[in-house]
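Here's the structure we're looking at; comments come further down.
The basis for the numbers below is simple: all heavy atoms, side chains too, and nothing from hydrogens, waters or symmetry mates. Lettering of chains follows the sequences in order, A, B, ..., and the numbering in each one begins at 1.
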Amino acid sequence: MLKTVDVTFSYTKESSFHFPNIKLSSSQSLLILGKSGIGKTTLLHLLAGILSPDNGTIFINDTNITSISSKKLDLFRGKQIGIVFQNTIAISSLTVYENLQARLYFSGISEQKGAITTILEQLDLDSVKNQKPNTLSTGQLQRLGIALGVIHKPAIILADEPTSSLDDENCELVIQLLKNQAEKSNANLIIITHDHRIKNSFTNTIVL
Amino acid sequence: MNILRISYKNIIAKPLPTFLTVLRLTLSIGLLLGVKQLDKVFESQLHQSLNGVDMVVGAKGSPLQLVLSTVLHIDNPTGNIPYNEAKKIAENKYIQEAIPISIGDSYKGYKIIGTSVGFVDLHKTSIEKGVMFTNNYEVVIGNAVSENLNLNIGDTFYSSHGLIENAVESHDEHPLKVVGILKPTQNVIDRLILTNLESIWHLHEHEDENNSQDHNHDDEDITALLIKFKNKRGLLFLPRNINENTNFQAALPKYQLDKLFKFTAIGTKAITWIALSILFVSGISMFVSLYRMVKEKAKELALIRTYGARRNKLILLVFSEGLLVGLFSFLLGALLATFILQTIFSLIKDTYKQQIYFLEYYNDILELFLFIFGIIIIATLLAIRPIFKMDISKIISHES
């Protein structure tokens, strides 16, 4: 469940973002469309608790993340929020499997037996589980990004431009994978993008 | 998965820089440990060997040579002095004890010293097995002599003229008989063979009869007198008096050895400074390595923050990387130093028949470990500054 009320944010005194209110019930998905520079990534970082809004409130599963301490927010982010980046970031010295282990370790989540293997199989990454990220293809790297965003079964999955560098076929595949994983975790999926190709895949859409 | 494992993976992912840092640290740690230990052992051995000898009176020549030959027994004597005249010096009111010694013979590289029973007391040891020599041609042997030459009570041997191991000219008319073995002291007496002065004189008298051209020693010559003063006043008056008014030479062992030690300490200090310089460079290279890791892996560290890790986890990650490199280098350095020291001590044992033990080595290791630990902490503290300024949103935005 996600609810934002009158969220504003400004990097400087001159420019300020005022974001529309969002209300999602459990396991609902949302597509946020907008051009570059409109504040899409800022909104994603606000929802992820990486940035704090100047005004307004953000509730995730009844927790007001704008009013809790930074320590609690870090813990909350680690356990309840999953972020999928446009260009996957992973720990370069670790293998695919170890990256997923590290994801759980830093979130303070104990590794469930077989959980990593399952997600690797679901995302067709089991054949490269012992490889380092820099040896993966673009598609494999994108799927690793999804695995890192969902392995801890978060309450909300935030995907930032997940399809912008992909062709049509892979674009559809990635959206489907994200939807499947969100469904499996019973999580809200929010995709922030300027890519209009995926507009029809979502019933809930906000245009910034 | 844990912080140490991630740090280990980070380290092995950059083998060349890690190897260079480890190499520099290992060399400096090994050098520092080794030099400090050698310095300690050398100084301790020198001072231990003095055994309260305040002054040595012998033939004129180098005072250092006189001390080295009569106190440490590692050089040739400066010559002989007439015993009758030496005895007059021993009667001086400032002198508590004067022990005569006569050096010149050896057995399989171990020096035979003609002396009095007081020589054993002077070296703070006593008989472990057997009895003290009382008759001519009876000898008491140091513990290392007994052990290394497998000599026991009742065994006999022939002494050789000269102080080298393979001296060929032997006194084979009179065998020397082992009557006592001394307790071990880890001191020079462990590698000496003691007998009375008369034995030495008789051995040489007999030889002089047969081969007077080769041996012109006076029967009652000795090599030196080892002197202990009653009080410090003797130190003030006697050495100058002897040096100015007699044909003898008075040398002060402590003064001579301190001079020698100061001379050798120059080399020790130079090596220590070189090792410290390498350590300083290693500390800087460790800092640079950690700092580069923080800067170059900023996006990975920001990612870890999005995983919910607090800033202290990132600091721990940087620290543990430094710690692993530091600990591994320390272990290698300590092993290297121990191996080299053991080799040197073993060589000394073979060459000088002197067993040398490590002195407060674990303290040195602990001290250096704390020092290295301090360097790791300083390098980490300097390297983690960007973590405090980290703007996760900005770093991630540039990537996505």
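More than 12 heavy atoms of other residues, nucleotides or ligands sit less than 6.0 Å from atom CZ of A:Phe17. More than 12 heavy atoms of other residues, nucleotides or ligands sit less than 6.0 Å from atom NZ of A:Lys132. More than 12 heavy-atom neighbours from other residues, nucleotides or ligands sit within 6.0 angstrom of CZ on B:Phe358. A:Lys184 NZ: more than 12 foreign heavy atoms inside a 6.0 Å radius. Under a cut-off of 6.0 angstrom, the local environment of CZ in B:Phe328 is sparse, with at most 12 non-hydrogen atoms contributed by other residues, nucleotides or ligands. Sparse packing is recorded around CZ of B:Phe280, with 12 or fewer heavy atoms of other residues, nucleotides or ligands lying under 6.0 Å away. Applying the 6.0 Å contact sphere to CG of A:Asp62 captures no more than 12 heavy atoms from other residues, nucleotides or ligands. By the neighbour-count criterion of 12 heavy atoms within 6.0 Å, atom CZ of B:Phe373 is sparsely surrounded, having that number or fewer from other residues, nucleotides or ligands.
Both the backbone and the side chain of A:Ser92 come within less than 4.5 Å of a heavy atom in chain B. Contact annotation for B:Leu303: only side-chain heavy atoms (C-beta onward) come within less than 4.5 Å of a heavy atom of chain A. For B:Leu301, no part lies near chain A; criterion is any non-hydrogen pair under 4.5 Å. Proximity to chain B (any heavy atom under 4.5 Å) is shown, for A:Lys79, by neither the backbone nor the side chain. In this structure, the portions of A:Ile91 lying under 4.5 Å from any heavy atom of chain B include both its backbone and its side chain. Residue B:Lys14 does not touch chain A at all, counting heavy-atom pairs closer than 4.5 Å. Using a 4.5 Å cut-off between heavy atoms, A:Ala102 contacts chain B through both its backbone and its side chain. Using a 4.5 Å cut-off between heavy atoms, B:Arg305 contacts chain A through both its backbone and its side chain.
Separation of atoms CZ (A:Arg103) and OG1 (B:Thr306) is listed at 6.0 Å; rounding is to 0.5 Å. Taken from CD in B:Glu300 to CG in A:Asn99, the straight-line distance is 8.0 Å, to the nearest 0.5 Å. In this structure, OG on B:Ser393 lies 6.5 Å from CZ on A:Phe9, to the nearest 0.5 angstrom. With rounding to the nearest 0.5 Å, the separation of CD1 in B:Ile396 from CG in A:Asn87 is 12.5 Å. Note that the CZ atom of B:Arg5 and the CD atom of A:Gln101 stand 5.5 Å from one another [nearest 0.5 Å].
Taking A:Thr88, A:Asp74, A:Ile81 one by one and counting their heavy-atom pairs under 4.5 Å with chain B, the maximum is reached by A:Asp74. Between chain B and the residues A:Gly78, A:Ser93, A:Gly82, A:Ala48, the most heavy-atom pairs under 4.5 angstrom are made by A:Ser93. Counting heavy-atom pairs under 4.5 Å between each of B:Ile12, B:Ile6, B:Ile392, B:Asn2 and chain A puts B:Asn2 at the top.
Side-chain contact check for B:Ile3 versus A:Phe106: some heavy-atom pair is nearer than 4.5 Å.
Geometrically, B:Lys313 engages A:Tyr105 in a cation-pi contact, judged by NZ or CZ lying under 6.0 Å from the ring centre and within 45° of the ring axis.
The heavy-atom pair separating A:Ile89 from B:Lys299 by the smallest distance is CG2-O, 3.8 Å.
The backbone N or O of A:Ser70 lies less than 3.5 Å from a partner atom in the side chain of B:Arg310, making a donor-acceptor pair.
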